[in-house]
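Okay, structure first, notes after.
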Amino acid sequence: MSRIDAATERAESAYDWVDSRLDLDDASDFLGKAFPAEDSFLLGEVALFCFGILVATGTFLAFFYEPSTTAVEYSGSVVQYQGQELPAAFTSVLYITYDVPFGMFLRRMHHWAAHLFVASIALHMLRVFFTGAYRNPREPNWLVGTGLAGLAMFAAYTGYSLPYDEFASTAVGIGYNVAASIPIVGDPLASIVFGGQFPTSATIPRLFFLHVFLIPAAIAGLIAVHMAILVRQKHTEAQRDGDVSAAGAGSAAGDTSRTSSNPEATDGGARLIDRDDDSVVIGLPAFPNQAAVSAVVFFLTMAVLSLLAGLLPVHNIAQYGPNDPASTPSLVMPDWFLMWGYGFLKLTPSWMSFDVLGIHVSSEFVGGLLLPSLVFVAVAVWPFIDRAEEPEHFTRNYLDRPFPTAVGITGVTLVMVASIAGMDVIVAEILGTSTAALRPYLIGALVLVPAAAGTLTYAILGGFEGETEGGPPPASGEDRSTSGDDGTPSPTEGSDDD
Ligand code: HEM
């Protein structure tokens with residue numbers, strides 16, 4: 001027996017061993033699952049890959065980072081700090097940046113991956129929103145996604161605090177004040193998250209634990225649920241131009257176990273899928289086609305992040321210096337994705353502080369937490385407002401949905417105007433005025449601009465003329481539970497998920 005034959009035999013017996021336990025032949029059906037070939041569907045994958053890259057680069061950083069504010073003598077290569085007693089967290093990030101091989105590159109990569117993670121989540125969410133892919137039966141996945149968006153922002157916020165430099169610590173301190181302003185539970189909650197009154201020696205270890213363990217574990221868990229629901233329900237698909245000749249379509253036993261079909265493999269067993277038949281998903285098979293597309297997306301994500309990490313510096317802690325509770329930097333701002341919340345905080349007038357039943361509600365709580373939370377609640381409940389009684393598996397054209405599209409544009413504009421308000425110091429400087437003089441205009445803009453944008457969108461899309469697309473796409477008239485007349489199995493017969 002040649003060496004190749006022996007190796008083949010060993011591989012076969014290893015396969016049989018695993019197959020006898022995991023039923024791989026059955027699982028291999030999954031590899032034929034269809035992925036609709038829509039470019040915008042790749043945004044979720046970008047988010048997924050960013051999360052993987054964040055875990056990998058974060059693991060590297062954690063090997064060198066010290067979650068402590070204890071003063072230690074710095075002896076690294078940044079001349080201005082040599083011989084100084086500095087917080088261990090701050091010095092360890094200086095070491096990572098300037099002394100650890102590849103440290104600066106991987107720190108930057110972690111930073112840019114965090115930004116791309118949040119950006120791709122936001123774009124993915126907008127894609128799902130504007131195509132109506134959140135409707136029945138996908139409301140649960142929309143809710144899981146909303147949770148993921150919140151956790152991603154919280155992960156970035158806790159990471160921002162870790163270098164314990166002057167700029168980031170001041171910005172993180174704003175979050176502490178907002179958390180402490182929650183009526184009744186604020187103080188204990190802020191103490192639990194920040195380890196006492198910010199900043200104490202317990203703050204950094206606590207935020208470190210949240211950043212490297214609790215939040216990533218929660219994100220990983222929710223991503224697993226998100227993907228499990230996706231696999232179970234399968235993707236939505238764009239409206240087809242016409243009937244599709246497809247092979248590999250087994251069958252399905254209901255809406256939540258729709259079958260997958262690969263239109264490229266039309267030899268043998270090809271059959272015609274009606275353009276309105278939503279019991280079959282038409283797309284690329286998971287393996288090898290979609291796997292190849294995903295690999296390209298992964299390497300492109302890596303390439304973009306490498307380029308950013310190679311060319312663009314991040315948060316220059318050597319310039320900001322270590323946290324100094326006695327001073328405040330002249331310009332403090334959160335990251336761009338928290339800017340809208342900061343804008344609400346800045347624009348909420350102080351007269352919004354009031355007492356109800358002896359409980360004090362501060363304007364800080366209203367602007368910094370209540371209003372941003374209401375935005376999240378509005379996002380979470382939206383699929384139950386724009387709801388579909390019957391399951392829908394085709395995406396919608398946003399141009400045919402004046403009301404949901406107008407609501408989406410209103411929301412996006414609101415977040416944009418609030419973000420500009422968060423940068424009021426810069427805006428005032430550009431316009432040569434003061435933030436106090438700018439404030440009434442920003443408050444007006446926060447109410448009027450989103451309302452105007454939404455109304456205009458609604459009008460342009462013919463909403464006032466009642467030209468809305470109602471209900472699910474027209475049915476083909478095909479009975480979901482019977483075989484086709486030509487003897488080929490109908491898309492609803494049997495099940496590839498049996
Ligand atoms: C860590 C964050 C997230 C990751 C890694 C992720 C990943 C994915 C992936 C890979 C898909 C399939 C491809 C696609 O349709 O893009 C998907 C689908 C979906 N996601 Fe997300 N997602 C995340 C956050 C969100 C958010 C914030 C929402 C909405 C609030 C959301 C709602 C959905 C829905 C409803 C689907 C099914 C869409 C369809 O079938 O057309 N996801 N997600």
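Keep in mind it's a predicted model, so treat the numbers as computed, not measured. Both counts, for ligands and for their atoms, begin at 1 and track the order of listing. These numbers come from the heavy atoms of this one structure, side chains and all, not from hydrogens, waters or symmetry mates.
Put simply, the side chain of Asn136 gets close to the backbone of Ala388: a donor and an acceptor are under 3.5 Å apart.
Ring geometry for His124 against His226 counts as perpendicular: the plane angle is over 60°, on a 0 to 90° scale with 30° as the lower cut. Taking the six-membered ring for Trp and thresholds of 30 and 60 degrees, Phe198 and Phe194 have ring planes more than 60 degrees apart, a perpendicular arrangement.
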For Thr97 and Met104, what are the C-alpha separation, side-chain angles and deciding distance, and is it a side chain to side chain contact (heavy atoms under 4.5 Å, CB included)? CA-CA 4 Å; Thr97 313; Met104 181 186 282; 4.0 Å; yes
Verdict with supporting geometry, Thr395 and Phe41, side chain to side chain contact (heavy atoms under 4.5 Å, CB included): CA-CA 11 Å; Thr395 55; Phe41 284 22; 4.3 Å; yes
Please step through side chain to side chain contact (heavy atoms under 4.5 Å, CB included) for the pair Val172 and Thr158, ending with a clear verdict. CA-CA 8 Å; Val172 170; Thr158 49; over 6 Å; no
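Among Tyr164, Trp112, Phe167, the one residue that satisfies the ring pair (Phe, Tyr, Trp, His ring centres under 6.0 Å) test with His315 is Phe167.
For ligand 1, the atoms sitting less than 4.0 Å from at least one non-hydrogen atom of Leu48 are 5 (C), numbered in the order shown with element in parentheses. Near His235, with a cut-off below 4.0 Å to any heavy atom, the atoms of ligand 1 are 12 (C), 13 (C), 40 (O). Every atom of ligand 1 with a heavy atom of Thr146 under 4.0 Å away is listed here by number and element: 30 (C). Taking every non-hydrogen atom of Glu45 and a distance limit under 4.0 Å, the qualifying atoms of ligand 1 come out as 10 (C).
A donor atom on one side chain and an acceptor atom on the other are not found under 3.5 Å apart for Arg138 and His235.
Proximity of Phe117 to ligand 1, defined as any heavy-atom pair under 4.0 Å, is confined to the side chain (atoms from C-beta onward).
The side-chain heavy atoms of Leu162 and Pro67, taken from C-beta on, include no pair separated by under 4.5 Å.
Counting only heavy atoms of the protein, atom 9 (C) of ligand 1 lies nearest to Met227 CE, 3.4 Å. The nearest protein atom to atom 13 (C) of ligand 1, hydrogens excluded, is given as Phe41 O, 3.2 Å; this is a heavy-atom distance. Looking from atom 29 (C) of ligand 1 to the surrounding protein, the closest heavy atom is Trp142 CE3, 3.5 Å. In terms of protein heavy-atom proximity, atom 41 (O) of ligand 1 is nearest to Thr236 OG1, 2.4 Å.
Taking the ring centroids of Phe102 and Phe60, they lie at or beyond the 6.0 Å cut-off.
Between Leu43 and ligand 1 there is no heavy-atom distance shorter than 4.0 Å. The shell of residues lying under 4.0 angstrom from ligand 1, judged by heavy atoms, excludes Gln233. Residue contact annotation: Phe51 has no non-hydrogen atom under 4.0 Å from ligand 1. Residue contact check for ligand 1: Arg127 places a non-hydrogen atom closer than 4.0 Å to it.
Around atom 21 (Fe) of ligand 1, protein N, O or S atoms at less than 2.8 Å comprise His124 NE2, His226 NE2.
Between the CD1 atom of Ile219 and the CD1 atom of Ile121 there is a distance of 7.0 Å, given to the nearest 0.5 Å.
Here the shortest heavy-atom pairing between Tyr134 and Trp142 reads CB-CE3, 3.6 Å. Residues Val361 and Phe365 come closest through the heavy atom pair CG1-CD2, 3.7 Å.
Backbone and side-chain nitrogen or oxygen atoms of Arg138 are examined, and one is located within less than 3.5 angstrom of a nitrogen or oxygen of ligand 1.
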